[in-house]
2 protein chains.
Amino acid sequence: MVTNKNKYNCCSESSSDDIAAVRAADAELATLAKALGHPVRVHILRVLSQKQSCICGEIVEHVDGLAQSTVSQHLKILKEAGLIRGEIEGTSVCYCINLNGLKRLRVLISNV
Amino acid sequence: MVTNKNKYNCCSESSSDDIAAVRAADAELATLAKALGHPVRVHILRVLSQKQSCICGEIVEHVDGLAQSTVSQHLKILKEAGLIRGEIEGTSVCYCINLNGLKRLRVLISNV
DNA sequence: TATGTTTATCGTAATATGACGATAAAGTCA
DNA sequence: TGACTTTATCGTCATATTACGATAAACATA
């Protein structure tokens with residue numbers, strides 16, 4: 001059906017810089033999406049979204065049936081992806097949504 | 001610190017149906033995000049988005065360096081998540097973006 | 001019918017993820 | 001200081017993912 005690879009001129013106008021930028025966006029979107037790619041992590045985001053902020057122990061209570069260490073792992077993944085932030089308060093850690101990360105994810109998805 | 005679990009009244013207004021619906025949305029969003037959680041799959045989506053539609057063999061060419069079987073696996077994951085559709089055309093398969101799936105993902109993320 | 005083309009699936013190996021309990025680290029408070 | 005609380009990290013195991021080559025399935029065509 002399509003015999004000419006440049007039928008849509010999708011390559012001729014792209015510099016290698018453009019390609020690198022798109023590849024970087026691919027990787028960034030994939031990283032963010034992967035972090036969101038587990039129901040428990042989505043649930044944690046929702047809890048933080050509703051409560052504005054939440055200490056780690058409360059999150060563990062909200063995520064029913066999982067060990068504290070498991071929840072801590074999920075929090076780490078969300079934090080490393082830039083979707084949440086954690087602030088130490090005494091012995092506790094107060095987590096909150098990182099709105100910039102969430103916005104970035106929305107922007108990247110809207111650009112697909 | 002927090003002794004009353006209903007401090008924010010976040011549960012008292014939720015019926016079990018609501019909770020089930022939110023859990024289902026969590027799972028749906030996680031499934032869609034997980035499918036997007038690999039740079040090659042993001043790239044495939046971008047290719048399909050730019051070219052409107054694309055036969056499998058062309059996608060394999062666009063995803064440089066990966067075996068045809070690997071690309072086929074990625075296509076399967078995207079298809080099962082509802083992010084792309086595939087239509088058989090003779091010996092080829094013509095893939096295109098499933099806009100409904102992409103919209104659904106955007107809606108679910110905007111509701112987090 | 002026989003041959004070639006295209007794509008999906010199978011089998012397999014390496015690596016990643018998700019879960020747990022145990023424990024370390026860091027702070028609070030008596 | 002010593003006991004307690006809270007959270008992160010470690011070690012481990014089971015399972016999932018990613019990649020590959022080989023092959024099967026389905027169609028086109030000589």
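Below, chains carry the letters A, B, ... as their sequence lines are ordered, and counting in each starts from 1. Scope of the values below: all heavy atoms of this structure, side chains included, with no hydrogens, waters or symmetry mates.
Between A/Leu66 atom CG and D/dT7 atom C1' there is a gap of 16 Å when expressed in whole angstrom units.
Once rounded to the nearest 0.5 Å, the distance linking CZ of B/Arg106 with NZ of B/Lys103 reads 8.5 Å. Interatomic distance, A/Cys56 SG to A/Ile88 CD1, rounded to the nearest 0.5 Å: 11.5 Å. Atom CZ of B/Arg23 is separated from atom CZ of A/Arg46 by 9.0 Å, given to the nearest 0.5 angstrom. Atom CG of residue A/Leu102 and atom CG of residue A/Leu83 lie 6.5 Å apart, to the nearest 0.5 angstrom. Within the model, atoms CD1 of B/Ile84 and OG of B/Ser49 stand 13.0 Å from one another, a figure rounded to the nearest 0.5 Å. Once rounded to the nearest 0.5 Å, the distance linking CG of B/Leu36 with NZ of A/Lys34 reads 12.5 Å.
Among the protein residues, B/Gly65 comes within range of the sugar-phosphate backbone only, with heavy atoms under 4.0 Å from sugar or phosphate atoms but none that close to a base. Among the protein residues, B/Gly37 comes within range of no part of the nucleic acid, since none of its heavy atoms lies under 4.0 Å from any strand.
Residues A/Leu48 and A/Cys54 are in side-chain contact: their nearest non-hydrogen atoms beyond the backbone lie under 4.5 Å apart.
For the segment residues 68-85 of chain B, residues with any heavy atom less than 4.0 angstrom from an atom of DNA chain D are, sorted by number, B/Ser69, B/Thr70, B/Gln73, B/His74, B/Ile77.
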Contact state string [nucleotides 25-30 of chain D, B base, S sugar-phosphate only, - no protein heavy atom under 4.0 Å] = -BBS--
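Of all heavy-atom pairs spanning B/Pro39 and A/Ala27, the tightest one is CB-CA, 4.3 Å. Nearest heavy atoms, B/His62 versus B/His43: O-CE1, 3.2 Å. Between A/Ala35 and A/Ala81, the shortest heavy-atom distance links the atoms CB-CB, 3.4 Å.
Counting 5' to 3', DNA chain C first comes under 4.0 angstrom of a heavy atom of chain B and last does so at the ends given by C/dT5 to C/dT9.
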